[in-house]
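Just the heavy atoms: all of them, side chains too, but no hydrogens, waters or symmetry mates, feed the values below.
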Amino acid sequence: MTAEQARHVHVIPAFHYDVAYLQTFQGYLPRSLENLLTMVELLRGDPSYTFVVEQVILLEVLLQQRPELLPDLRRFAEEGRLEIACGMYVMPDVNMPAGESLLRQAIRGQRWLERRLGVRARTCWIADCWGHPPSLPGLLRHGGYESYVFWRGKTDWLTTSEFRWRGIDGSVLTCHWTPFGYGAVHFPVEFPGESAEQRAVLEPLRRRVTELETYSQSSHLCLPASGDFLAPRRTTSAVIAALGSGVDDGAVEYQCSTFAQFFAGLATHIAELPLVEGDFNPVFQGTYTSRVALKQFNRRLESAVLSAERAAALLWLDGGEYPSAQLDEVWRIILTNQAHDIISGTIIDEAYDEAIELYRRADTLVTRVLMDSVDRAQARRVAGSGGMGVFVFNPLPVARREVLRLNTAAINWSGYRVTTATGEVLPIQREERMLLIEAELPPLGYTVFRLQDAVPEEAAGIMDVHVETATGDCLVETDFFSVRVRGGLIASLVDRGSGVEMVDPSRPFWNDLVLQVDNGDLWLLNESPLNGDVRTTTPVYDPYPVQPGPDDAVFRGPVAAHDQRTKSAIIERGPLRVRLRARGELRYWQLRVEFVQEVTLYRRARRIDFTTELISHGKHFRVRAAFPLALRDGRSMHGIPMGMIERGEGEFPTQGWGAYEAANGAFQLVSRGLPGINITDRTVLLSLFRSAAMEYKGPSEGAFEDGVRHSASYRVIVAARAQGLNAPLAAECFNFPPIVLAAADIPARVEPRVRLAPTTVILDAFYRDGDTLTVRLHEAAGQSTMAQFWCAGLVSCERTDALTMDGAALSVANHTVKLPLGPFAIVTLRLAVAR
């Protein structure tokens, strides 16, 4: 038998560890560090031994405590016997964090590896994660990876362990699916010397190799020898030698190996591997709303730190200091809490409390950085004008029309007048201690409006609101819609231009809160306990629930807001917007949810904002907000990290938005940090909160969140036609609100610093990196385009990847760089800008 015909079994020693799960990070740390020390000992003593370490965070701590190990680790890595994969800071969930966060995971990890060990991770091994979006090949390629290894999330149509995965941007990753998980085999602590006893150890291992062959597409087989916190086995080399010596004619060759060596062996077969496309989701939908505060905190801090970086970068361009250390610490906390078990909420109570405390620390720090950068920018513009102004920072590189909120408690004038630099009087609406201003904001940068004391006038053009005496319904007319509001629900919304009714009249209402009994655990909806061996996608048909029939043994019906008595009131009404508030309670026996719903309708915007507060009492239930649509024959679109995808029915992890697009209208639902969106039977359902736990695994009573208050913010955008939606930009506008402050002695002016066109290209990052500025953007509509990026003072520009290691110069003219982008392309630019 030739070497080409022999089967090559790559045994890959490793251990899987969690930043937090059934213990806290500090609780797991002694065991993890002991495993690494054993690894070092084995690598020192056995030149044939190899090992794979997953996450950089653990090596970082090891060298903080044992810096003398650095020369050994560096030598092992350079020899190729120590591999780090995934090589990110932690092993994140890859659905719920933003695409920029996934790249920061790679940047932080890869740069640490280059600086400390002199290597880069080429394989991203996501050993234990629930689902993988089809934008991931492009993200990982942009982060310096060439191959991908995963376990959970294989679809039914994928039957091979090796394949090429083409992402939505056209990038291709060579992939290995581990059919038997990250612990395909476990080697014994002791290896017997007697042949009969050896056979008892070796035969199960050989059977596993035979099983792997049914999936493999080449003569190279990947056999991870790993497990949760599994100590490195001193018997590994002896077992591998015994496995190889017992095979006739060299038909099977066993070697202690790494993923790098496995993929190198696979290289000659890559062209023969099947090329697949698509989404490896959903898996474990319960994780989208278990301990939902973690998801909301993550999204809020992602938006805050990206805004803070932009404000700080502008300040640096003006000659100020850039707070690198503070921003780096905020990112470290965000990235740590994106570890797959933490952000999913599948952790014990002590680990949850620790994660929330970390988030609070990051929140305080990033708020200070953001406000300090804006305050310093404001102070640099004082010109002794003697007047008052409204100082606005727009963190997005596109013009946007917004209703701004200015706190006027410290001003307390009897009347207000707001004008632009050209003297245009802006529409305003006065509320208690607050002034609403409708204004057009220029792209990323600062705007100052003039604020004057004025004689109070009766507000003109108050929005038309009629209250029906019999029903208590409010009929509201905006420039675009005729809306009927009942409590916190929308019973009808008619597009005034087309006359199309958007709300399904047979099953109203929009924003209908639905309580459902849910006997699942932190991973699974409706049922428990989790089967930890699940490896395929697990779609769940989960429509708006119907009342059970007399022959249904289990109650699965809804307890809905439209069936409850609510108290409602108009709490704002003016020329810019109307805001209504309703209070009520959902109750099923001893399960009870108090709720407050607020609905805000704008005169000149095709959107409706919702805020819902919930206080839960009881255990094992879920609350969703339902939006039944009258539209027909549409398609369901979901936001994913740096992209979007059409999906079928069911609940999927989203990047904060889902849309239903039909020929006669389009509907988009945007949220802040609520990833669970379900579009089924033309009803869009947003999971707001879930009461579940994993008592059978560890202390998790807190996950029921009995008596805990939750607040959810979400927005509906309605268009007369599908082409009227720019869903990615709408989500950006919702999650990146402008910063508005009162200012003294600053003349009215418009000062954009960054502009990006067209609006289907999204700015993901704008921050200082060394002595240059780094910009990251992606095409978000799935269409080829010519992007134009303008930055005041731009001198030169290089196109590079996320690691900014190599760059190709781009032409700059009039402070503008133009570059063609393919569908969903991700680009990093390195800028030199005159300060």
Is it the case that the side chain of Y541 and the backbone of E649 share a donor-acceptor pair, with hydrogens and angles ignored and the cut-off at 3.5 Å? no
Return yes if some donor-acceptor pair links the side-chain N/O of T346 with the main-chain N/O of D341 below 3.5 Å, else return no. yes
Checking K567 side chain against A582 main chain: does a donor-acceptor pair fall under 3.5 Å? no
R104/E100 ion pair, N-O < 4.0 Å: yes
F150/F280 aromatic ring centres below 6.0 Å: yes
Heavy atoms from other residues, nucleotides or ligands near CZ of R583 exceed 12 (cutoff 6.0 Å): no
Full working for side-chain contact (heavy atoms from CB on, under 4.5 Å) between F667 and V716: CA-CA 7 Å; F667 171 98; V716 162; 3.4 Å; yes
Only pairs under 3.5 Å count here: list side-chain donor-acceptor contacts from residues 332-340, not counting sequence neighbours, and write none if there are none.
unit_1, atom_1, unit_2, atom_2, d
R332, NE, E329, OE1, 3.0
R332, NH2, E329, OE2, 2.9
T336, OG1, R332, O, 2.7
N337, ND2, A355, O, 3.0
Q338, OE1, Q105, NE2, 3.4
Q338, NE2, S101, OG, 3.1
Q338, NE2, N298, OD1, 2.9
Q338, NE2, E302, OE2, 3.1
H340, ND1, M91, O, 2.9
H340, NE2, D18, OD1, 3.1
H340, NE2, D128, O, 3.4

Taking Q655 for its side chain and P97 for its backbone only, find out whether a donor-acceptor pair lies under 3.5 Å. yes
Between E431 and G574 (side chain of the first, backbone of the second, donor and acceptor by atom type, cut-off under 3.5 Å), is there such a pair? no
Who pairs with R556 by salt bridge (charged side-chain N to carboxylate O under 4.0 Å, His left out), at least two apart in sequence or on another chain? none
Within the side chain of Y660, is there an N or O that forms a donor-acceptor pair under 3.5 Å with the backbone of R682? no
Working note: I717 + L725, criterion side-chain contact (heavy atoms from CB on, under 4.5 Å); need CA distance, chi angles, decisive distance, verdict. CA-CA 8 Å; I717 297 101; L725 285 184; 3.7 Å; yes
So, the side chain of D512 versus the backbone of A561: is there a donor-acceptor pair under 3.5 Å, distance only? yes
I'd like to know whether the aromatic ring centres of F627 and F610 sit less than 6.0 Å apart in this structure. yes
Only residue of N519, L591, D521 satisfying side-chain contact (heavy atoms from CB on, under 4.5 Å) with H620 is N519
May I ask you to check whether over 12 heavy atoms, not counting those of Q547, lie within 6.0 Å of atom CD? yes
Taking N95 for the side chain and P653 for the main chain, is one N or O donor matched with an acceptor at less than 3.5 Å? no
Walk me through whether D681 and R507 qualify under salt bridge (Lys or Arg N to Asp or Glu O under 4.0 Å). CA-CA 12 Å; D681 191 23; R507 46 180 187 174; 3.3 Å; yes
Taking D552 for the side chain and G549 for the main chain, is one N or O donor matched with an acceptor at less than 3.5 Å? yes
May I have the step-by-step check of salt bridge (Lys or Arg N to Asp or Glu O under 4.0 Å) for E402 and R577, ending in yes or no? CA-CA 12 Å; E402 293 286 352; R577 72 182 193 182; over 6 Å; no
Got more than 12 heavy atoms from elsewhere within 6.0 Å of CZ, R565? no
Could you go step by step and tell me if S290 and R690 meet the side-chain contact (heavy atoms from CB on, under 4.5 Å) rule? CA-CA 5 Å; S290 295; R690 190 159 178 267; 2.8 Å; yes
Test D504 against R632 for salt bridge (Lys or Arg N to Asp or Glu O under 4.0 Å), laying out the working first. CA-CA 10 Å; D504 187 344; R632 296 287 191 277; 5.0 Å; no
Can you check salt bridge (Lys or Arg N to Asp or Glu O under 4.0 Å) on D363 and R300, steps first, answer last? CA-CA 9 Å; D363 191 24; R300 183 157 62 84; 3.2 Å; yes
Member of R624, R622, Q285 meeting the side chain to side chain donor-acceptor pair (under 3.5 Å) criterion with S687: R622
